[in-house]
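Each chain gets a letter, A, B and so on, in the order its sequence line appears, and its residues count up from 1.
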Protein chains: 2
Amino acid sequence: MTYSEENYLKVIYHLSIGSSKGITTNAIANEMESKPSSVTDMVQKLAEKGLVIYKKYQGVSLTDNGRFTALMIVRKHRLWEVFLLEKLDFSWDEVHDVAEQLEHIKSEKLTDKLEEFLDFPTEDPHGDPIPDREGKIKKVDKKLLSEVEAGKKVICVGVKDSSPAFLQYLDKQQIALGSAIDIIAKEDFDMSLTLRVHDRQMTVSNKIAANLFVKTV
Amino acid sequence: MTYSEENYLKVIYHLSIGSSKGITTNAIANEMESKPSSVTDMVQKLAEKGLVIYKKYQGVSLTDNGRFTALMIVRKHRLWEVFLLEKLDFSWDEVHDVAEQLEHIKSEKLTDKLEEFLDFPTEDPHGDPIPDREGKIKKVDKKLLSEVEAGKKVICVGVKDSSPAFLQYLDKQQIALGSAIDIIAKEDFDMSLTLRVHDRQMTVSNKIAANLFVKTV
DNA sequence: ACTATTTTTTAGGTTAGTCTAAATATTATT
DNA sequence: AATAATATTTAGACTAACCTAAAAAATAGT
Ligand SMILES: [Mn+2]
Ligand SMILES: [Mn+2]
Ligand SMILES: [Mn+2]
Ligand SMILES: [Mn+2]
């Protein structure tokens, strides 16, 4: 299993969440920042190895084997993110890039010992669930802030976009996982929201609200 | 800097210790388990990048830049070995293979934070010194057990061969870093040694003695 | 000093992973 | 249903990192 193969599997896994159809080569190319023709090549190789199902022009989907392989990479990625944050004092906007490298280290023992060292965390620093060694993943009940009605009280439990830019914006606004948010009003014109967070009132655009996962309390 | 380039630099660095002449392509190929022709290719590329000095048929040596790069890889390798042993309960014969992968992770912040997390260790689990972030390396005063005269008392401070086979042999004989060893006798015929370790008497071959670093007390 | 052996380099080929440009299939529009 | 637009695949080419086999240089033996 090469790094490249692992990265393709991971991208296909992420794109598969939600959409029940085959994932298009264009979508994969877009996510991988590569070209559709490159994706076609790789997807054919993954199909030969039994990791994906692929028929020309039909898009691609993971086999059980392929899904498990992807989950083990996601597991490593998220465990390393926890390690970097909790043990090495990285901030939540710094962990992802390094985890992109660490996720490819091959040692089951390392992964399992790391998990134990971290005390079996169930979520990564961005609120995403960590698959266990069997590939089981906790289903978390969360919705986007943009989909909650005005008047509700919610708690921030995750981010959809985990880019440094967005995370640093949240830091600046003092919004973190666990923050209590009151939705005071929703503006019909642009779907912007007026919120109260830690007794501070603020307005956020729909784009912000559509990237924050919350649970209702 | 690719993994392959990094591995070549590391091998050239290790071979450079002791020998003041240029390192031959054959020696490198042997160490890398590759072919001399492949080494020639790579060495030419490294020379173009200013990491080694290379003249046809003359062997190769590291530039300051190349040496520093190699030292940073060795630094990461040894810090990760300490991490695996101290924090994740790996044994000293298990750490090397995983560190071979981890040494290639690129993040200065990660390396420095890891070093801090480990409380600035100066040696790895096999007694080898850990370069600091400037590439400075502590010169340790140690000699091979095979070079010490009979009658001396020494302390085991390192291993030359850190293969699992050798390390597991030492475990079985209850020899570890820090063990006090009395050299009772040396057999002229085969250079084997009779030792006392932890009040147990044993005989070891010259091959064993030539792979154990000790300091005299 | 000359020849034989060994070491090292060069020449040419392979595979993985990428790309661009062209061909083909699918989907949307009239 | 035919045509236009878009999506996808194929064809051919490139680079990095390796290889084998042949050529050339260095070293050793007489
Ligand atoms: Mn991440
Ligand atoms: Mn990756
Ligand atoms: Mn090692
Ligand atoms: Mn390596």
Side-chain angles (χ1 to χ4, degrees), chain A residues 1-16 19-62 66 69-70 73 100-101 103-106, chain B residues 1-16 19-62 66 69-70 73 100-101 103-106:
Chain A
M1 184 89 339
T2 66
Y3 281 29
S4 194
E5 289 173 334
E6 291 189 347
N7 283 334
Y8 273 93
L9 285 179
K10 196 179 54 151
V11 162
I12 296 166
Y13 168 77
H14 285 310
L15 291 172
S16 296
S19 99
S20 55
K21 298 169 202 151
I23 308 304
T24 67
T25 45
N26 256 4
I28 298 169
N30 190 52
E31 200 70 19
M32 300 271 305
E33 300 186 357
S34 66
K35 301 292 164 180
S37 55
S38 307
V39 175
T40 301
D41 281 353
M42 178 56 87
V43 145
Q44 287 171 343
K45 190 166 61 147
L46 293 173
E48 272 167 33
K49 292 197 176 187
L51 295 162
V52 301
I53 310 274
Y54 167 69
K55 284 210 199 76
K56 274 189 198 176
Y57 298 101
Q58 300 304 123
V60 66
S61 61
L62 293 168
T69 307
I73 299 160
E100 278 296 305
Q101 299 179 62
E103 72 188 3
H104 298 289
I105 303 294
K106 283 161 194 62
Chain B
M1 186 86 343
T2 66
Y3 281 29
S4 194
E5 289 173 334
E6 292 189 346
N7 283 333
Y8 272 94
L9 285 180
K10 195 177 55 152
V11 162
I12 296 166
Y13 169 77
H14 285 309
L15 291 171
S16 296
S19 100
S20 56
K21 297 168 202 153
I23 308 304
T24 66
T25 46
N26 257 4
I28 298 168
N30 190 51
E31 199 70 19
M32 300 272 303
E33 302 186 357
S34 67
K35 303 291 164 182
S37 54
S38 307
V39 175
T40 302
D41 280 354
M42 179 56 86
V43 146
Q44 286 171 344
K45 191 168 56 149
L46 293 173
E48 272 167 33
K49 292 196 176 189
L51 295 161
V52 302
I53 312 274
Y54 167 69
K55 284 210 197 77
K56 274 189 199 180
Y57 299 100
Q58 301 305 125
V60 65
S61 60
L62 292 168
T69 307
I73 298 160
E100 278 296 304
Q101 299 179 62
E103 72 189 4
H104 299 289
I105 302 293
K106 284 162 193 63

- Message: Using OP1 and OP2 only, check whether a side-chain N or O of K35(B) sits under 4.0 Å from dT8(C).
- Response: no

- Query: When we call it a touch if two heavy atoms are under 4.0 Å apart, what does S4(A) touch: a base, just sugar-phosphate, or nothing?
  - Reply: sugar-phosphate

- Query: Does the side chain of T25(A) get closer than 4.0 angstrom to OP1 or OP2 of dT9(D) through an N or O atom?
  - Reply: yes

- Query: When only distance counts, do a donor and an acceptor, one from the side chain of S37(A) and one from the base of dT20(C), lie under 3.5 Å apart?
  - Reply: yes

- Task: Rounded to the nearest angstrom, tell me the gap between atom NZ in K55(B) and atom P in dT9(C).
- Result: 13 Å

- Item | Separation of dT27(D) C1' from Q58(B) CD (nearest whole Å) | 13 Å

- Could you check whether Q44(A) gets within reach of a base, just the sugar-phosphate, or nothing at all, counting any heavy atom under 4.0 Å? sugar-phosphate

- For the pair made of CD in E6(A) and P in dA16(C), what is the distance, rounded to whole Å? 16 Å

- Query: Parallel under 30°, tilted from 30 to 60°, perpendicular over 60°: which one fits the rings of H104(A) and Y3(A)?
  - Reply: parallel

- Query: Within the pair Y54(B) and dT8(C), is there a side-chain N or O less than 4.0 Å away from OP1 or OP2?
  - Reply: no

- Does V60(B) reach the side chain of T25(B), with side-chain heavy atoms less than 4.5 Å apart? no

- For dT18(C), take OP1 and OP2 only and decide whether either is under 4.0 Å from a side-chain N or O of Y3(A). no

- Task: May I ask you to verify if any side-chain N or O of T40(A) is less than 4.0 angstrom from the OP1 or OP2 atom of dT9(D)?
- Result: yes

- Message: Please report the distance, rounded to the nearest Å, between CD in E48(A) and C1' in dA16(C).
- Response: 13 Å

- Please report, rounded to the nearest Å, how far the P atom of dA7(D) is from the NZ atom of K21(A). 15 Å

- Report yes or no: does Q58(A) contribute a side-chain atom to a donor-acceptor pair with the main-chain N or O of G22(A) at less than 3.5 Å? no

- Task: For S38(B), answer base if it contacts any base atom (sugar-phosphate contacts may also be present), sugar-phosphate if it contacts only those atoms, and nothing otherwise; contact means non-hydrogen atoms under 4.0 Å.
- Result: base

- Query: dT8(C) phosphate, OP1 or OP2: any side-chain N/O from N26(B) under 4.0 angstrom?
  - Reply: yes

- Basic-acidic side-chain contact under 4.0 Å: E31(B), K10(B): no

- Task: Write down the distance between CD1 (I28(A)) and P (dT18(C)), rounded to a whole number of angstrom.
- Result: 13 Å

- Note on the structure: In whole angstroms, the gap separating P of dT10(D) from OH of Y57(A) amounts to 6 Å

- Item | Check: T69(B) and Y13(B) side chains under 4.5 Å, non-hydrogen atoms | no

- Query: Rounded to the Å, how far apart are M32(A) CE and dT18(C) C1'?
  - Reply: 11 Å

